[in-house]
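Numbers restart at 1 for each chain; the letters A, B, ... are given by sequence-line order, proteins then strands.
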2 protein chains.
Amino acid sequence: MSSDASPAPAKTPVTLREVAASAGVSVATASKALNGQGRMTAETRERIRETAQRLGFRPNSLAQSLLRRRSFTVGLLTNDTYGRFSLPLMSGVSDALVDAGVSVFLCNVEDDMRLAQLHVEAMLDKRVDGIIATGKRIDRHLPVDLANLRIPVIYAFTQPDPDAVGFESDDAGGARLAVEHFCRLGRKRIAHVTGPASFAVVHERARAYREVLAEHGLPVAEPLLGAWSEAWGHEAVGKLFDRRAGRAEAPDAVFCGNDQIARGVIDALRERGIGVPDDVGVIGFDNWEIVAEATRPPLTSVDMNLSALGREAGLALLSLVGGQAAAPGIRKLPCRLVVRQSCGRPPDG
Amino acid sequence: MSSDASPAPAKTPVTLREVAASAGVSVATASKALNGQGRMTAETRERIRETAQRLGFRPNSLAQSLLRRRSFTVGLLTNDTYGRFSLPLMSGVSDALVDAGVSVFLCNVEDDMRLAQLHVEAMLDKRVDGIIATGKRIDRHLPVDLANLRIPVIYAFTQPDPDAVGFESDDAGGARLAVEHFCRLGRKRIAHVTGPASFAVVHERARAYREVLAEHGLPVAEPLLGAWSEAWGHEAVGKLFDRRAGRAEAPDAVFCGNDQIARGVIDALRERGIGVPDDVGVIGFDNWEIVAEATRPPLTSVDMNLSALGREAGLALLSLVGGQAAAPGIRKLPCRLVVRQSCGRPPDG
DNA sequence: CTCCTCTGAGAAAACCTTTTCCCAAATCGC
DNA sequence: GCGATTTGGGAAAAGGTTTTCTCAGAGGAG
């Protein structure tokens with residue numbers, strides 16, 4: 001009556017008890033055998049292992065979690081509906097966690113407070129080990145308070161709570177990369193067209209922009225603030241090139257606050273017969289590949305390394321969950337310049 | 001020594017046992033009181049409820065799941081890295097499930113078989129109640145076999161296994177919507193520029209395109225197959241307009257396989273001085289808002305209602321998990337035409 | 001007053017795994 | 001050959017909840 005011969009096409013998952021019975025040992029021994037704990041003869045251990053293997057035993061994660069008081073799940077909370085920023089970040093988080101056996105609940109809460117509350121409670125009920133909060137942009141708070149949650153919370157690419165740990169891209173550094181690249185290429189009159197004043201990053205980047213120009217002794221034009229849209233990029237070209245028509249001071253480079261703006265700028269330049277990159281170089285921000293690569297010419301852009309940011313956030317959360325303390329504060333991760341063809345070649349190249 | 005007065009700033013979550021102790025009843029009674037089961041005086045029930053409320057009791061979902069053999073989680077498997085299709089779908093799924101207390105594990109498996117296997121096993125170990133498989137496009141299989149999984153699987157916007165249930169958008173219907181819209185507007189020479197022949201939807205849509213034209217007695221031009229890119233749209237305009245330069249038979253409408261192609265088409269037309277929508281109407285596919293709205297003029301496009309598709313998939317999975325049987329096969333959900341300004345107004349408007 | 005039926009509530013098993021403690025047998029030292 | 005130690009393995013508790021029994025007492029019928 002032994003079930004040893006059956007190839008285990010069981011309807012219900014096989015439990016440790018069944019493995020133990022089949023191997024003729026107690027569940028305790030079976031557990032220890034499979035986890036490398038306890039003491040027993042090598043043959044016993046091996047026999048149990050084989051039995052488990054043969055039966056297709058997989059420990060019930062729920063039971064483990066209940067006992068260990070760790071669910072090996074984390075929640076990722078976002079309000080970025082289209083996932084343009086969230087998904088690469090999620091990818092990094094997941095990448096950092098999958099090897100530790102941790103899965104990720106993704107919750108898109110839009111800007112709906114009720115929904116956010118609902119999702120957070122669902123995650124808490126499911127005993128997530130921690131939460132990563134992220135958002136469209138690093139300025140607006142998520143519509144829910146995560147400050148007193150009894151579980152670790154990491155903020156990534158969104159405004160952190162005062163005493164929490166957050167990861168952000170080094171936007172100032174990214175701006176430096178862009179402007180310095182222009183300088184290296186010999187561009188002299190570098191303009192900056194960016195998003196609305198309500199975003200902190202707009203000011204951070206603008207400051208870096210001014211600093212680099214000053215360091216190189218180049219004239220600083222006041223950054224043009226507008227929207228994060230192609231239309232604004234288009235319009236900005238009018239402001240940059242019309243009012244000084246014929247003058248020699250028209251920009252020979254434009255550093256844009258995102259790729260959509262850059263796209264609008266490039267289109268507008270082409271319409272005016274201004275060559276990119278020959279007459280004017282353009283650099284974007286975000287490195288949204290699907291846009292940057294479709295631009296003509298393909299757009300050089302600052303990449304925020306969101307995936308790496310996600311990885312860091314995931315690892316940080318993991319160590320927090322593991323009991324390590326972490327100093328609160330914001331860690332900035334470097335950006336990277338992805339050079340395509342919208343800036344021209346270096347003079348020496 | 002009663003803890004009744006403490007406002008429960010406990011470090012550890014409060015358990016049913018504590019609620020029961022505080023209310024002076026057994027855990028069994030407490031459980032029944034909170035779940036509306038069993039028989040007891042109304043006062044007892046109310047007293048227990050209040051105690052639970054006061055202590056901030058939330059049942060441990062892990063323990064419940066272990067007992068009920070249902071985890072109230074599902075897995076969403078995708079290989080759409082940028083989430084352009086997955087995220088709206090995920091949004092719909094989540095929307096359908098959140099009210100049932102079900103959370104969603106999102107797993108991006110790229111096209112990495114090992115990763116897919118890893119994630120599926122992690123989800124199985126966590127005893128997800130079911131899996132929804134989705135993908136970039138409805139043609140390529142996910143790099144993992146979900147056929148014999150012992151839990152329900154629903155395919156959404158991706159090629160289903162033979163005996164599974166799948167949800168897809170009605171691409172032929174969507175194409176009809178677009179072409180019929182052109183017909184209503186009095187366009188006579190309607191071209192079709194679309195993606196590569198390797199996609200089934202390309203042929204489905206092309207067939208619908210031909211049918212509608214035939215129904216209206218209009219000439220059918222052979223669809224132009226290429227890539228899903230702006231560059232291809234750009235190039236296609238050359239093919240459509242160059243070789244018949246001067247002839248009266250140049251198209252007065254172009255139905256495009258996606259919004260990026262449409263974008264390329266519109267840009268190319270503008271460069272040739274051909275007016276949109278005055279000379280040529282353009283309709284895209286996907287209704288990728290961030291692209292469609294930035295196009296000049298804003299692009300009329302077919303929306304696949306991915307969010308609704310996700311909802312349906314979520315509900316279907318829920319009923320499968322609940323034990324309802326479902327006939328295998330593919331259900332097609334209707335598309336919807338989002339009219340913007342790239343087609344012009346109806347003659348009577 | 002006795003017997004029976006409700007009523008309200010508790011004890012305990014079940015879900016599945018891990019871990020601590022314990023015990024019997026075997027081995028060792030002398 | 002006897003006590004002490006090691007070895008191999010089991011029993012049981014724990015984790016938090018739900019559910020099925022069970023049971024004591026109260027109330028009603030006769």
* Asked: Would you say a side-chain N or O of Ser65(A) is under 4.0 Å from OP1 or OP2 of dG15(D)?
  -> no
* **Nearest listed nucleotide, side chain of Leu67(B), among dG10(D), dT18(D), dT18(C)** => dT18(D)
* Asked: Where the side chain of Ser65(B) meets the backbone of Ser61(B), is there a donor-acceptor pair that is under 3.5 Å apart?
  -> yes
* To do: Would you mind telling me which residue lines up with the more 5' stretch of DNA chain D, Ala63(B) or Gln37(B), judged by nearest nucleotide?
  => Ala63(B)
* Phosphate oxygens OP1/OP2 of dG9(D): is one of them under 4.0 Å from a side-chain N or O of Thr44(A)? -> yes
* Asked: Between dG10(D), dC15(C), dA12(C), which nucleotide has the shortest distance from any of its atoms to the side chain of Ala28(A)?
  -> dG10(D)
* State whether Asn60(A) places a side-chain N or O below 4.0 Å from either non-bridging phosphate oxygen (OP1 or OP2) of dC15(C). => no
* Asked: So does Ser61(A) get a side-chain nitrogen or oxygen closer than 4.0 Å to the phosphate oxygens (OP1/OP2) of dC16(C)?
  -> no
* From dT17(D), dG15(D), dG8(D), pick the nucleotide closest to the side chain of Thr15(B)? -> dT17(D)
* **Presence of Arg69(A) side-chain N/O under 4.0 Å of dG15(D) phosphate oxygens OP1/OP2** => yes
* Structure fact -> Side-chain contact check for Arg39(A): nearest option of dG16(D), dT7(D), dG10(D) is dT7(D)
* Within the 6.0 Å centroid threshold, strictly below: Tyr155(B) and Phe167(B) -> no
* **Under 3.5 Å donor-acceptor pair, Lys32(A) side-chain atoms to dG10(D) base atoms** => yes
* OP1 or OP2 of dT18(D) less than 4.0 angstrom from a side-chain nitrogen or oxygen of Gln64(B), does that happen here? -> yes
* Structure fact -> Considering only heavy side-chain atoms of Ser26(A), the closest of dG15(D), dA11(D), dT18(D) is dA11(D)
* Taking Asp161(A) for its side chain and Ala164(A) for its backbone only, find out whether a donor-acceptor pair lies under 3.5 Å. => no
* Asked: Can you check whether Phe85(B) and Phe157(B) have ring centres sitting under 6.0 Å from each other?
  -> yes
* Asked: At what distance, to the nearest 0.5 angstrom, does CG of Leu76(A) lie from CG of Asn108(A)?
  -> 10.0 Å
* Asked: Counting any heavy atom closer than 4.0 Å, what does Ser31(B) reach on the DNA or RNA strands: base, sugar-phosphate only, or nothing?
  -> base
